[in-house]
Amino acid sequence: MVSVVAADVPRVGTIRILLFAGLRERAGWGEQHWPANPGCAAGLTPRELWLQLQLPGELGSQVRVAINRQFADADTPLRAGDELAFLPPISGG
Amino acid sequence: MVSVVAADVPRVGTIRILLFAGLRERAGWGEQHWPANPGCAAGLTPRELWLQLQLPGELGSQVRVAINRQFADADTPLRAGDELAFLPPISGG
Amino acid sequence: MSSPFCPQSVGADTEAMLIKIDLHSTGFEPLVVLEHWQQAQSGIAASAAEAHFIGRVRGVAADGCALEALELEHYPGMTEQQLEQLARDCCSRHGVNRCLVQHRIGRVLPGEAIVLVAIGADRRGPAQRCCQELLEALKHHAPFWKREWRSDGNREWLSGNTPL
Amino acid sequence: MSSPFCPQSVGADTEAMLIKIDLHSTGFEPLVVLEHWQQAQSGIAASAAEAHFIGRVRGVAADGCALEALELEHYPGMTEQQLEQLARDCCSRHGVNRCLVQHRIGRVLPGEAIVLVAIGADRRGPAQRCCQELLEALKHHAPFWKREWRSDGNREWLSGNTPL
């Protein structure tokens with residue numbers, strides 16, 4: 001199930017990638033769409049995307065992964081239409 | 001230091017004894033003045049008064065002692081002018 | 001590190017401990033009391049962390065019967081003194097500086113507030129722990145006694161508090 | 001034991017768990033929100049035990065500088081979903097039935113409330129523990145990020161929460 005906000009219709013055949021807060025500022029971008037043909041994204045994981053995108057910081061110890069707005073393991077295989085977010089250290093409340 | 005409410009001036013040469021709640025009702029009285037000549041009350045303790053007054057229940061395990069509105073040991077020697085209270089199990093808040 | 005652009009603030013640490021304790025012989029509204037209490041702490045001086053507890057009379061007696069009312073007896077003079085002492089000890093143990101204790105006496109109806117404890121502090125941990133601990137302290141060491149007036153006509157003094 | 005004079009009450013146990021969560025992009029008054037929340041629980045149905053926590057913006061930044069404002073970024077969509085899930089898990093773990101979570105987003109000024117957590121329960125222990133635990137849970141597992149706007153012109157993302 002892909003859950004999206006109304007204003008951001010997912011592009012078929014892509015993975016939507018979101019960055020937040022300090023991570024977004026260090027990377028210089030907040031959103032990208034990564035091509036992923038349906039059925040052909042098998043094997044592509046958040047960890048691989050993290051490396052390919054050359055994102056700053058350390059995945060795992062500092063940065064958490066959410067897939068379709070749920071915390072997820074960085075090695076979860078992604079599928080076309082997924083919303084992937086990299087979350088820097090949380091500081092709410 | 002003896003601290004008393006304005007309406008209840010201590011009688012010189014007595015110990016004021018107070019009972020509360022269920023203990024007061026089982027004993028059938030809430031206040032007594034026990035004669036205690038100044039200087040001559042030496043040795044009289046709440047525990048002895050408890051026995052002499054034949055109060056119901058168990059001192060210590062259930063009933064606590066306050067002297068001059070501070071919790072006190074049941075074997076503390078009393079002095080003329082003291083306010084002694086026997087407190088059944090507390091249930092505030 | 002100090003610069004003209006970075007003045008050191010005079011924080012809550014330097015303020016005196018503020019303790020407010022009241023016994024109410026008629027109903028009190030916890031949120032109204034809290035509002036007045038908070039108004040004394042305006043703007044930046046407001047506590048960064050505030051923990052509250054409100055206890056109300058249940059509609060059911062200890063034996064499962066419907067409850068008409070709870071009667072709260074206390075030991076005038078000792079109660080106020082004990083509450084003050086318990087609050088002062090607990091606040092200084094936890095390093096918190098604002099404390100509000102409100103307690104009903106007399107006849108209290110189901111749904112009405114019996115007790116309100118509020119703690120203001122600079123950190124959430126001390127605020128929460130102090131609020132919890134002071135509530136336990138007053139439940140066990142302030143001279144209050146509850147009697148249940150049950151709808152079947154029974155009047156029963158409680159011999160302790162409900163379990164934590 | 002049941003008699004015609006002693007009807008069994010329909011207590012809070014039989015009610016559904018009630019969770020209310022809101023994000024505020026402008027200031028909210030904790031006591032006003034609490035009042036509305038309580039009004040939905042009138043008379044005997046009111047929770048016998050209520051624990052609240054209010055967190056406010058400090059006037060001082062992490063480095064000791066004066067703070068102009070705190071900026072709260074979040075992940076729209078995931079935030080609401082996470083708060084709901086954290087609240088539901090925490091409430092069912094502690095067996096409490098009423099839960100209120102209010103959180104600011106956007107620019108928040110010193111002294112303003114950032115977060116309010118309130119728990120209503122039948123016993124003080126579960127109410128207090130659930131309130132504490134839910135606060136910790138949302139501080140660490142709801143996608144919020146704080147940036148300090150300091151009076152010396154620095155803008156710094158915080159990399160964690162203040163210690164408990």
Side-chain angles (χ1 to χ4, degrees), chain A residues 1-11 14-33 46 49-50 55-74 76 78-79 81-93, chain D residues 21 23 53-58 61-62 70-87 89 101-106 108 113-117 131-148 154-164:
Chain A
M1 189 200 73
V2 181
S3 143
V4 286
V5 290
D8 301 292
V9 179
R11 297 190 202 159
T14 69
I15 291 162
R16 187 184 180 203
I17 307 171
L18 300 173
L19 305 182
F20 290 93
L23 178 57
R24 181 191 63 234
E25 296 195 343
R26 286 197 305 282
W29 57 270
E31 178 170 354
Q32 277 199 31
H33 286 85
L49 272 176
W50 175 266
L55 288 166
E58 264 188 79
L59 189 63
S61 68
Q62 293 182 347
V63 174
R64 283 196 273 182
V65 166
I67 299 172
N68 301 327
R69 303 175 181 182
Q70 295 276 356
F71 287 114
D73 193 277
T76 309
L78 293 163
R79 301 192 308 179
D82 276 351
E83 180 176 299
L84 167 66
F86 292 111
L87 312 178
I90 279 172
S91 57
Chain D
I21 293 171
L23 298 178
F53 179 84
I54 299 169
R56 290 196 189 80
V57 177
R58 289 183 185 78
L70 210 56
E71 179 188 340
L72 269 153
E73 182 172 327
H74 77 123
Y75 181 176
M78 181 170 174
T79 311
E80 297 86 337
Q81 199 172 303
Q82 268 294 108
L83 287 177
E84 174 88 21
Q85 201 169 305
L86 294 170
D89 289 355
V101 177
Q102 308 281 294
H103 206 292
R104 271 297 297 274
I105 51 177
V108 194
I114 313 177
V115 66
L116 164 65
V117 177
C131 188
Q132 251 172 319
E133 214 174 293
L134 182 51
L135 181 67
E136 292 312 302
L138 72 84
K139 273 182 171 280
H140 296 100
H141 304 299
F144 289 108
W145 297 275
K146 286 187 188 125
R147 174 153 62 173
E148 291 184 339
N154 280 332
R155 314 267 175 272
E156 197 86 41
W157 290 101
L158 298 178
S159 59
N161 282 297
T162 52
L164 178 62

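Each chain gets a letter, A, B and so on, in the order the sequences are listed, and its residues count up from 1. Hydrogens, waters and symmetry mates are skipped; everything else that's a heavy atom, side chains included, is used.
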I'd like to know whether E73(D) forms a side chain to side chain contact (heavy atoms under 4.5 Å, CB included) with R24(A), so could you lay out the CA-CA distance, the side-chain angles of the two residues, the decisive distance to 0.1 Å, and finally the verdict. CA-CA 11 Å; E73(D) 182 172 327; R24(A) 181 191 63 234; 2.4 Å; yes
Yes or no on salt bridge (Lys or Arg N to Asp or Glu O under 4.0 Å) for R155(D) and E25(A), after CA distance, side-chain angles and deciding distance? CA-CA 12 Å; R155(D) 314 267 175 272; E25(A) 296 195 343; over 6 Å; no
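With rounding to the nearest 0.5 Å, the separation of CZ in F71(A) from CD in Q85(D) is 9.5 Å. Residue R64(A) holds its CZ atom at 5.5 Å from NE2 of H141(D), rounded to the nearest 0.5 Å. Rounding to the nearest 0.5 Å places CD of Q81(D) at 5.0 Å from CD of Q70(A).
Contacts between residues 85-93 of chain A and chain D, counted as heavy-atom pairs separated by less than 4.5 Å, involve A85(A), L87(A), P88(A), P89(A), I90(A), S91(A), G92(A), G93(A).
Contacts between I114(D) and chain A at a heavy-atom distance below 4.5 Å involve the side chain alone, from C-beta outward. Neither the backbone nor the side chain of R26(A) comes within contact range of chain D, judged by heavy atoms closer than 4.5 Å. Proximity to chain A involves both the backbone and the side chain of W145(D), based on heavy atoms less than 4.5 angstrom apart. Looking at E71(D), neither its backbone nor its side chain comes within 4.5 Å of chain A, counting heavy atoms on both sides.
Residues meeting the ring pair (Phe, Tyr, Trp, His ring centres under 6.0 Å) test with H103(D), sequence neighbours left out: F144(D). Every residue two or more places apart in sequence or in another chain was checked for a side chain to side chain donor-acceptor pair (under 3.5 Å) with W50(A), and none qualifies. Every residue meeting the side chain to side chain donor-acceptor pair (under 3.5 Å) condition with Q102(D), not counting sequence neighbours, appears here in chain and number order: D22(D), H24(D).
Contact between H74(D) and F20(A) at its shortest, heavy atoms only, is O-CE2, 3.6 Å.
Within the 4.5 Å cutoff, the side chain of Q82(D) has no heavy atoms near those of the R69(A) side chain.
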